[in-house]
Amino acid sequence: MSQRTEIRSHITHLECSLSGEACGHELPHRLNPKNGKPYLARYDLAAAAETMTKESMAGREPNMWRYREVMPVIDPANIVTLGEGFTPLREANRLGKHLGMSSLLIKDEGVNPTGSFKARGLSAAVSKALELKQMKLTMPSAGNAAGAMSAYAAAAGMEAHVYMPKDAPIANQIECVAYGAELNLVDGFITDAGRISGEAAEEHGLFDVSTLKEPYRAEGKKTMGYEIVEQLGFEVPDVVIYPTGGGTGIVGIWKALDEMEQLGWIGSERPRMICVQAEGCSPLVNAYNKGEEFAEPFPNPSTLAAGMRVPAAVGDFLVIRAVRESGGTALTVTDDQMVDSVRDMSTFEGIFPAPEGGATLSALQKLLDSGEIAKDERVVLLNTGSAVKYLDVLGPALGL
């Protein structure tokens, strides 16, 4: 019997992220119909802790399914994997020295299958959809999520329907078609694509795997939090800087930290969570600065970072809550600053980050200048994807 078969999921139920209301995980669920808020997966963490010990992790498979006890798929035969996860946590020594820092790290999600962290969420969501016998999927996407969903649907033999703004990166459009998805280009923004995808789901019986509108993409994303802690020798960094569109990454990492405390991996210490958004699309930053819990939709969003061009996030209150509870902050950076940071991260570290990844470095520089981050703190930057997906916009921005 393989290790993968011996380790089982300890999922117990789904819980509304706002009301705490519980429901079963055995049937497909999307948002709580009573309040329109996301469900989150919950686990028997005491049972999980019996096998998911610090010592047990050393011999496990080097992908995100090493955390099977706290992943939602019951039958290992339903896991659809391309080897996603367990990405490098690189010590950015040259870049750190340039900034005068003693401990700067980059979690490089660009080496994932399909070139971004979206592989994590879609591996989890597609796997659970397979387990729930949902074989026809749809989703709206600004780019990388669509490519990931198309790839995992192809690997599972599922039908994939993608709704994407017409100005999404051409690389993402091409990969969806190559993976056999039905690509639908939409006039407007990701919110418009979401509306049309939802209508298609109702009309044609498709299962919609939109960001946080189903419970399982967050479960894939949370594995970034598990990996960061495990790769730091089961220690928590001082700061995590995250580029934020829909915000599932922050929601997932914050959830992972709570789970790890209950598993006995860490204590009550938490990193300060930094939410960085584009100046041209910053609904969460605006809400945070106003002291609000929910964000107003951002009008006429514009940024070359397609993954951050999300004018309304269904999990807005979860992101803002994580930032506040952690003692972190939320801030914006400009497209020009992102491009400069893409060049700096590439030049100093040999990591070619997506503009979203560049945004984390731009945010770090601003927070170092303001004194909100000290140069002796251990800081993790999340590069969420590879710049190879953005050559059509980065080329002109870099003067080519």
After noting the C-alpha distance and the side-chain angles of T384 and Y242, does the key distance pass the side-chain contact (heavy atoms from CB on, under 4.5 Å) rule? CA-CA 8 Å; T384 49; Y242 201 91; 4.0 Å; yes

Intermediate values then yes/no, salt bridge (charged side-chain N to carboxylate O under 4.0 Å, His left out), E349 and R90: CA-CA 9 Å; E349 294 299 332; R90 289 266 309 277; 3.5 Å; yes

Decide yes or no on side-chain contact (heavy atoms from CB on, under 4.5 Å) for R270 and E325, but give the supporting numbers first. CA-CA 9 Å; R270 297 289 185 272; E325 289 179 357; over 6 Å; no

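A donor-acceptor contact closer than 3.5 angstrom links the side chains of D208 and S210. Looking only at atom types and distance, the side chain of E182 has a donor-acceptor partner in the side chain of H161 under 3.5 Å away. Side chains of S127 and N78: a donor-acceptor N/O pair is absent below 3.5 angstrom, by distance only. With 3.5 Å as the limit, one finds a donor-acceptor pair spanning the side chains of E230 and Y67. Of the N and O atoms on the side chains of R120 and T223, at least one donor lies less than 3.5 Å from an acceptor on the other residue. For E69 and T51, the side-chain atoms include at least one donor-acceptor pair closer than 3.5 Å. D258 and Q262 form a side-chain donor-acceptor contact under 3.5 Å, judged by distance and modelled atom types alone. Using modelled atom types, one finds a donor on one side chain and an acceptor on the other under 3.5 Å when comparing T87 with K107.
With ring centers used as reference points, H98 lies under 6.0 Å from F348.
Within a 6.0 Å radius of NZ in K375, other residues, nucleotides and ligands contribute 12 heavy atoms or fewer.
With a 4.5 Å cut-off on side-chain heavy atoms, L364 and M101 count as touching.
Listed by chain and number, the hydrophobic cluster partners of I170 are I174, where partners are ILVMFWY side chains within reach of under 4.5 Å, directly or through others.
Between F294 and F317, the angle of the ring planes lies from 30° to 60°, which puts this pair in the tilted group.
Atom CD of E279 is separated from atom OG of S302 by 10.5 Å, given to the nearest 0.5 angstrom.
Residues meeting the salt bridge (charged side-chain N to carboxylate O under 4.0 Å, His left out) test with D167, sequence neighbours left out: R309. Residues that satisfy the side chain to side chain contact (heavy atoms under 4.5 Å, CB included) test with K290, not counting sequence neighbours, are E292.
Cation-pi geometry between R30 and Y39 is not satisfied (NZ or CZ under 6.0 Å from the ring centre, within 45° of the ring normal).
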